[in-house]
Amino acid sequence: IIEEGLQICELESIVESMAVTAIEAGVKIITGDTKVVQKGCADKLFINTSGIGFVPAELNLSAKQIKVGDKIIISGTMGDHGTSILLERENLCIQSTIISDCALLNSMIGNVISAYPDSVRIMRDPTRGGVATTLNELAYSSNLGFKLYEEALPIKQEVAAICEMFGFDPLYMANEGKVIIIADNKDADNIIKLLKQHYEGKDAAIIGEVMDAPKGKVLMNTIVGSNRIIDMLVGDQLPRIC
C-alpha cells in the first residue's frame, strides 16, 4: 500500500532489498498486489506478506513436548530491535551503535533441527511482548514452570542503559532476528556450539530451565539470589512495532 508522493528511489531501494533477501533465504516471491492511496492516508508504505511452507512429517515441535529439565536457549542478545525502533522513531538525541536485529534464521535453525531433531521441543520468535511474554505463553501451554537466570541473559550494555533510562525492561522489548529454543538438557550445550558457528547465533546462551512448578509461570533468579515472577506483557507494546 503506497502513499501518494512516496519517492520512487525509496520504493526501488525497498524492492531491491526484498529481492536480495528472498534470494539469500532461498524463497520466491510469487505474487502480489499494489494499491496507491491518497496522501495522508498511509505512513508512506505498508507491506503485508504471507509465507507458505511445510513441516516435515518426522518433525514434532510443540509446547506439549516440553519436559522438566529441558533448557531454555536464546540465539542472541535481547531487546536490540525494540531499542533501535525507540531511538529511530522518537528522534532521541542519543548516540548509539544499536541496530535492529532483523535477520534470516532459516539456515541456522535448519542446522539445529537436522542435528538434534529428537532434542528440540519447540522454537519460537520472541517478537511481540519480548522474551518474557513468549516464555509465559509456552509455560502456560506446557503447564510447567520456567526459571530464568538473570546473570545468563545476553543483553548489550547500551540496550540495558537505554531501557533503564526510559523505564523499559529488555525482557519485554521486541526481537526480530532471534529464536527461543527449548531443548533436551543432554544436547543443550552442543546446540549452543552449533548456534555459535553461525553469525546470527554468535551470542547464543542458555538462559534458564524447565521446572515442575510453579505450573504455567515464569520465575527469574535475580543476581542477588531472590526469585521474582516474570509476568505477561500488560498493556500496549512500547515502542509500537506493528
Side-chain angles (χ1 to χ4, degrees), residues 51 61-68 70-90 98 100-103 105 109 120-156 159-160 162-183 188 195 200-201 203-223 226-242:
L61 300 183
S62 168
K64 300 300 182 184
Q65 302 296 320
I66 299 173
K67 296 177 174 60
V68 173
D70 287 347
K71 296 299 185 182
I72 303 168
I73 296 168
I74 190 166
S75 63
T77 51
M78 297 162 35
D80 297 358
H81 180 73
T83 305
S84 69
I85 294 297
L86 174 69
L87 295 176
E88 183 70 23
R89 183 176 291 153
E90 303 303 328
I98 299 169
S100 170
D101 62 3
C102 285
L105 302 181
I109 289 172
V120 176
R121 313 297 192 200
I122 195 168
M123 294 181 170
R124 278 284 305 276
D125 58 317
T127 308
R128 182 172 293 277
V131 170
T133 298
T134 301
L135 291 181
N136 268 278
E137 292 170 351
L138 294 175
Y140 177 81
S141 297
S142 64
N143 197 34
L144 292 170
F146 289 7
K147 177 175 275 192
L148 302 180
Y149 297 97
E150 188 173 19
E151 72 275 9
L153 299 178
I155 304 171
K156 292 176 180 174
V159 170
I162 290 169
C163 285
E164 185 174 359
M165 188 183 306
F166 293 100
F168 292 120
D169 186 335
L171 276 167
Y172 294 92
M173 298 294 274
N175 308 272
E176 286 289 349
K178 301 299 188 301
V179 59
I180 288 175
I181 302 172
I182 298 182
L195 289 171
E200 302 300 342
D203 296 313
I206 297 172
I207 61 173
E209 59 186 311
V210 179
M211 318 285 284
D212 184 55
K215 294 189 182 299
K217 300 291 185 182
V218 179
L219 296 179
M220 184 165 72
N221 183 257
T222 67
I223 56 176
S226 62
N227 289 321
R228 70 179 178 96
I229 292 177
I230 303 298
D231 213 340
M232 299 273 288
L233 175 69
V234 178
D236 293 332
Q237 171 90 51
L238 293 174
R240 182 179 59 83
I241 56 171
C242 60

Asp80 and its side-chain contact (heavy atoms from CB on, under 4.5 Å) partner, picked from Ile155, Ile85, Val159, Asp203: Val159
Asp101 vs Asn175, side-chain contact (heavy atoms from CB on, under 4.5 Å): CA-CA, chis, key distance, verdict: CA-CA 7 Å; Asp101 62 3; Asn175 308 272; 3.8 Å; yes
Between NZ on residue Lys217 and OH on residue Tyr140, distance to nearest 0.5 Å: 10.0 Å
Side-chain donor or acceptor of Asp169 paired with backbone N/O of Leu171 under 3.5 Å: yes
Gap separating the CD1 atom of Ile162 from the CG atom of Leu86, nearest 0.5 angstrom: 7.5 Å
Under the salt bridge (charged side-chain N to carboxylate O under 4.0 Å, His left out) test, residues paired with Glu88 that sit two or more places apart: none
Check against side-chain contact (heavy atoms from CB on, under 4.5 Å), Leu195 and Ile73: CA-CA 10 Å; Leu195 289 171; Ile73 296 168; 3.8 Å; yes
Minimum side-chain heavy-atom gap Leu135-Pro126 below 4.5 Å: no
Atom pair CD1/CD1 of Ile206 and Ile74 - distance to nearest 0.5 Å: 13.0 Å
Side chain to side chain, Lys156 and Thr83, heavy atoms closer than 4.5 Å: no
Positive for side-chain contact (heavy atoms from CB on, under 4.5 Å) with Met220, one of Ile229, Asn227, Leu153: Leu153
Under 3.5 Å donor-acceptor, Glu151 side chain and Ile223 backbone: no
Side chains of Ile230 and Tyr172 in contact at under 4.5 Å (non-hydrogen atoms): yes
Residue pair Arg124 / Ile182, side-chain heavy-atom distance below 4.5 Å: no
Gap between atom OG of Ser75 and atom CD of Glu200 - 0.5 Å precision: 8.0 Å
Any Gln65 side-chain heavy atom under 4.5 Å of Ile122 side chain: no
Flag, side chain of Lys64 to backbone of Ser141, donor-acceptor distance under 3.5 Å: yes
Side-chain heavy atoms of Val210 within contact of Arg121, under 4.5 Å: no
By salt bridge (charged side-chain N to carboxylate O under 4.0 Å, His left out) - contacts of Asp231 (at least two apart): none
Straight-line distance of Leu61 CG to Ile181 CD1, nearest 0.5 Å: 10.0 Å
Residue Phe166 excluded, over 12 heavy atoms near CZ under 6.0 Å: yes
For the student: nearest non-hydrogen atoms of Cys102 and Glu176, plus distance: SG-CB, 3.7 Å
Thr133 vs Arg128 side-chain heavy atoms within contact, under 4.5 Å: no
Distance-minimising heavy-atom pair for Cys163 and Met173: SG-CG, 3.9 Å
Closest contact, heavy atoms only, Met123 versus Ile109: SD-CG2, 3.2 Å
Any donor-acceptor N/O pair, Asn221 side chain to Leu219 backbone, under 3.5 Å: no
Shortest non-hydrogen contact from Ala63 toward Ser142: O-CB, 3.3 Å
Listed partners of Asp212 passing side-chain contact (heavy atoms from CB on, under 4.5 Å), at least two apart: Val68, Leu144, Lys215
